[in-house]
Amino acid sequence: MAAVTGHHLLQPPSPFFTKIKTSHSITKLAFSATHSKLNSKVFPNFTPSSTVPFCSSSSAQTNLPEKPTVLGLLDYLNESWTQFHATAEAKRQLIGAGFELLNEKDEWQLKPGGRYFFTRNMSSLVAFAIGDMYAPGNGFHVIAAHTDSPCLKLKPKSASAKSQYLMVNVQTYGGGLWHTWFDRDLSVAGRVIIRDRENSFLHKLVKVERPLLRIPSLAIHLDRKVNTEGFKPNLETHLIPLLATKVQEMCPDPNEKNTASSSKAAHHSLLMQVLSDELSCNIEDIVSIELNVCDTQPSCLGGGNNEFIFSGRLDNLASSYCALRALIDSCQSSNDLSNELAIRMVALFDNEEVGSGSVQGAGAPTMFEAMRRIIRCLGHNKVEEGATERAIQQSFLVSADMAHGVHPNFMDKHEEHHRPEMRKGLVIKHNANQRYATSGITAFLFKEVGKLHNLPTQ
């Protein structure tokens, strides 16, 4: 999978950029929680705010690993159904930790020792903490991850009907295992634009937590060859969620004049009513929607020893959460930045699953623009020659994503000598064709940092 790599962010690539991935299991539904002992050393100040969810009501909680980071990750996963919610939760945690929200449209007032962040499109975020000893030209220490995951998204005109059923037209986003979306309890979440009483427009996030949609499989009696020839659904005709029976609502006649807004004419009024109930607004106030189809099954611990995290969206909310907590927790005490010469930064981008080419993706100049503004602001607009270029050459970026742990039933799908294994540590990814920015130098430096903190790498 093409991940957020150093060469997406900075051109030309600095020699100090590397690519790591966290090993996770077979179909991106399970993530090893056994490294929580290591994580608790990295994040010693993090205190969980809730009890851990389990996949069953069993009382077998005595085998739990040390779990502060695991609990926080579970909370983050369950809050972050979409890239918008992931960014909103990151924003909430940053503000709670004393980070100041910036606006890219405003003039920035930054100072050494300060902690700041800004968001773009409500789906990407850049946060940074400035060392007290920072001087223009010093480097940036960056962790980059992404907030989006493969999913189904509602089409601009989602309303359709088949055989007396109300259906919701969707399109695939990213490279998903689409057959796994059948027979799940699905719902919708995302961003909605509404008109307020002052006749202005507001962005609001919505998440319908109850099962609302389902994509039913075809009965075995009607497809007896499925187990021998495989399940090969047509993504345009077979992957359409069912909303309700048509008796609940008649689809609008396209030839009939509709006085409602274009968004409501394009979507079932039943769906719009559900959204208006969630947002406590009138249907006519909803002027635009941008929704993902989401699995309502919560993220939880599972396995015989409760050692796995069963969840969707681990790629790449696991890295996003760890990067976020690393930045926050490293700045908790008042003197943590007192001897820092560099700038600590976390970048959580959107649209990695489809190439990172959007305004809020890693291919946009977001990182460059932020670096230049920070350097100019801290230099009081009297920046020495080549300060930005010197800063880049002194920087180190870790592109943090997920790696596919070896599948015990398909071991031949992995290279014999390069099989990412659970419990063996962080995965450093190399590619001779430069799909990743890792070099011998950056891999060595990352391993050395790992050794200092007793963190294994593979």
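Nothing here was measured: the structure is a model prediction, and the numbers come from that model.
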Asks: Tell me, with the steps shown, if Val126 and Phe117 meet side chain to side chain contact (heavy atoms under 4.5 Å, CB included).
Replies: CA-CA 5 Å; Val126 175; Phe117 75 98; over 6 Å; no
Asks: Before you tell me yes or no, could you show the steps for Val406 and Met422 under side chain to side chain contact (heavy atoms under 4.5 Å, CB included), namely the whole-Å CA-CA distance, both residues' side-chain angles and the distance that decides it to 0.1 Å?
Replies: CA-CA 8 Å; Val406 62; Met422 307 293 272; over 6 Å; no
Asks: Got a salt bridge between Glu369 and Arg120, using NZ or NE/NH1/NH2 to carboxylate O under 4.0 Å?
Replies: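 Salt bridge: yes.
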Asks: Provide the closest heavy-atom pair for Cys331 versus Ala129 in the form atom of the first, atom of the second, distance.
Replies: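 Heavy atoms of Cys331 and Ala129 come nearest at SG-CB, 3.5 Å.
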Asks: Should Tyr165 and Thr245 count as side-chain neighbours, where that means a heavy-atom distance under 4.5 Å?
Replies: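 Yes - at least one pair of side-chain heavy atoms lies under 4.5 Å apart.
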Asks: Does the pair Leu202 and Ile193 meet the rule for a side chain to side chain contact (heavy atoms under 4.5 Å, CB included), with working shown?
Replies: CA-CA 6 Å; Leu202 303 173; Ile193 299 177; over 6 Å; no
Asks: Counting only pairs under 3.5 Å, give me each side-chain donor-acceptor contact of residues 166-181, with atom names and distances, residues two or more places apart or in other chains.
Replies:
| residue | atom | partner | partner atom | Å |
| --- | --- | --- | --- | --- |
| Asn169 | OD1 | Ser160 | OG | 3.2 |
| Tyr173 | OH | Asp148 | OD2 | 2.6 |
| Tyr173 | OH | Asn351 | ND2 | 3.0 |
| Trp178 | NE1 | Gly176 | O | 3.4 |
| Thr180 | OG1 | Leu177 | O | 2.6 |

Asks: Search all heavy atoms of Val287 against all heavy atoms of Arg195 and return the closest pair with its distance.
Replies: CG1-NH2, 3.7 Å
Asks: According to salt bridge (charged side-chain N to carboxylate O under 4.0 Å, His left out), who are the partners of Glu89, at least two apart in sequence or on a separate chain?
Replies: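 Result, salt bridge (charged side-chain N to carboxylate O under 4.0 Å, His left out) vs Glu89: Arg92.
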Asks: Mind checking side-chain contact (heavy atoms from CB on, under 4.5 Å) for Lys207 and listing every partner two or more places apart, or none if nothing turns up?
Replies: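 Residues passing side-chain contact (heavy atoms from CB on, under 4.5 Å) with Lys207: Glu79, Trp81, His85, Ala189, Glu209.
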Asks: Within the 4.5 Å heavy-atom criterion, are Met122 and His203 side-chain neighbours or not?
Replies: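 Heavy-atom side-chain distance check passes, below 4.5 Å.
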Asks: Any side-chain heavy atom of Lys204 within less than 4.5 Å of one from Cys281?
Replies: no
Asks: Tell me every residue that passes side-chain contact (heavy atoms from CB on, under 4.5 Å) with Glu415, counting only those two or more places apart in sequence or in another chain.
Replies: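 With neighbours one apart ignored, the set is His418.
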Asks: Please verify the inter-ring angle class for Phe231 with Phe182; under 30° counts as parallel, over 60° as perpendicular, anything in between as tilted.
Replies: perpendicular
Asks: State, yes or no, whether a side-chain contact exists between Asn121 and Gln83 at a heavy-atom distance under 4.5 Å.
Replies: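 No. Closest side-chain heavy atoms not under 4.5 Å.
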Asks: Rounded to the nearest 0.5 Å, what separation is found between the CG atom of Leu426 and the OG1 atom of Thr457?
Replies: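 Taking CG in Leu426 and OG1 in Thr457, the distance rounds to 7.5 Å.
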Asks: Do Ser330 side-chain atoms and Ala326 backbone N/O form a donor-acceptor pair below 3.5 Å?
Replies: yes
Asks: Rounded at 0.5 Å granularity, tell me how far CG in Leu186 sits from CZ in Arg214.
Replies: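 If we round to the nearest 0.5 Å, Leu186:CG and Arg214:CZ are 7.5 Å apart.
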Asks: Mind checking whether Asp401 and His146 have side chains closer than 4.5 Å, heavy atoms only?
Replies: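 Yes, side chains in contact.
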Asks: Asn292 side chain to Cys294 main-chain N or O, any donor-acceptor pair under 3.5 Å?
Replies: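 Judged by distance alone, no pair lies under 3.5 Å.
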Asks: Between CG of Leu74 and CZ of Phe310, what distance do you get to the nearest 0.5 Å?
Replies: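 Those atoms lie 11.5 Å apart.
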Asks: Looking at Ile286 and Ser276, what are the two nearest heavy atoms and their distance?
Replies: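 That closest heavy-atom pairing would be CD1-N, 3.9 Å.
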Asks: Should the pair Glu278-Arg210 be classified as a salt bridge under the 4.0 Å nitrogen-to-oxygen rule?
Replies: no
Asks: Quick one: ring-ring contact (aromatic ring centres under 6.0 Å, His included) partners of Phe201, sequence neighbours excluded?
Replies: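 Per chain and number, Phe201 pairs via ring-ring contact (aromatic ring centres under 6.0 Å, His included) with no residue.
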Asks: Sub-3.5 Å donor-acceptor pair from the side chain of Tyr76 to the main-chain atoms of Ala86, do we have one?
Replies: yes
Asks: Report the distance from atom CG of Leu212 to atom OG1 of Thr296, rounding to the nearest 0.5 Å.
Replies: 10.0 Å
Asks: What are the two closest heavy atoms between Gly425 and Gln458, and how far apart are they?
Replies: O-NE2, 2.9 Å
Asks: May I ask you to decide if Ser123's main-chain N or O and Arg191's side chain share a donor-acceptor pair within less than 3.5 Å?
Replies: no
Asks: Please confirm whether the backbone N or O of Thr438 pairs with a side-chain atom of Thr442, one donor and one acceptor, at under 3.5 Å?
Replies: no
Asks: Is it the case that Gln332 and Asp336 place a side-chain donor and acceptor less than 3.5 Å from each other?
Replies: no
Asks: Nearest 0.5 Å please: distance from the OG1 atom of Thr82 over to the CG atom of Leu291.
Replies: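 CG of Leu291 is found 9.0 Å from OG1 of Thr82.
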Asks: Is there a donor-acceptor contact under 3.5 Å from the side chain of Arg419 to the main chain of Gly405?
Replies: no
Asks: How would you list, by chain and number, every residue that makes a side-chain contact (heavy atoms from CB on, under 4.5 Å) with Asn409, sequence neighbours excluded?
Replies: His407
Asks: Between Phe128 and Tyr116, is the gap from one ring center to the other below 6.0 Å?
Replies: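 Yes, they do, as the ring centres are separated by less than 6.0 Å.
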Asks: Show the numbers, then the answer: is there a salt bridge (Lys or Arg N to Asp or Glu O under 4.0 Å) between Arg224 and Glu229?
Replies: CA-CA 9 Å; Arg224 294 189 180 277; Glu229 298 182 358; over 6 Å; no
Asks: Would one find more than 12 heavy atoms of other residues, nucleotides or ligands at under 6.0 Å from atom NZ of Lys91?
Replies: no
Asks: Report the C-alpha distance between Val206 and Ile289 in whole Å, list the side-chain angles of each, state the deciding distance to 0.1 Å, and finish with yes or no for side chain to side chain contact (heavy atoms under 4.5 Å, CB included).
Replies: CA-CA 10 Å; Val206 64; Ile289 64 175; over 6 Å; no
Asks: Any side-chain to backbone donor/acceptor pair from Ser311 onto Leu314? Under 3.5 Å, distance only.
Replies: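 No: the side chain of Ser311 does not pair with the backbone of Leu314.
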Asks: Ignoring hydrogens and geometry, is there a side-chain-to-backbone donor-acceptor pair from Arg344 to Leu327 under 3.5 Å?
Replies: no
Asks: If I compare all heavy atoms of Cys151 with all of Lys153, which pair ends up nearest, and what's the gap?
Replies: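 Result for this residue pair: SG-CG, 3.9 Å.
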Asks: Give a yes or no answer on whether the side chain of Ser299 reaches the backbone of Leu77 with a donor-acceptor pair at less than 3.5 Å.
Replies: no
Asks: Which is it for Lys155 and Glu236 under the salt bridge (Lys or Arg N to Asp or Glu O under 4.0 Å) test, yes or no, and what are the steps along the way?
Replies: CA-CA 11 Å; Lys155 289 184 176 180; Glu236 280 293 325; 3.0 Å; yes
Asks: Would you say Ile283 and Leu275 make side-chain contact, with heavy atoms under 4.5 Å?
Replies: no
Asks: About how many Å separate OG of Ser356 and CG of Asp350, when rounded to the nearest 0.5 Å?
Replies: 9.0 Å
Asks: Counting neighbours of NZ on Lys157 that are heavy atoms of other residues, nucleotides or ligands and sit closer than 6.0 Å, is the number greater than 12?
Replies: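 No, not enclosed.
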Asks: Donor-acceptor pair, distance only, cut-off 3.5 Å: does the side chain of Asp183 make one with the backbone of Ser217?
Replies: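 Yes; at least one donor-acceptor contact below 3.5 Å.
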Asks: So, do Leu125 and Thr147 sit near enough that their side-chain heavy atoms are less than 4.5 Å apart?
Replies: no
Asks: Where do Leu73 and Ala318 come nearest, in terms of heavy atoms and distance?
Replies: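 Smallest heavy-atom distance, with atoms named: CD1-CA, 3.9 Å.
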Asks: Considering only NZ, NE, NH1 and NH2 on the basic side and carboxylate oxygens on the acidic side, decide whether Glu100 and Arg115 come within less than 4.0 Å.
Replies: no
Asks: Is Leu239 close to Ile215 at the side-chain level, that is, under 4.5 Å between some pair of heavy atoms?
Replies: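 Side-chain contact under 4.5 Å: yes.
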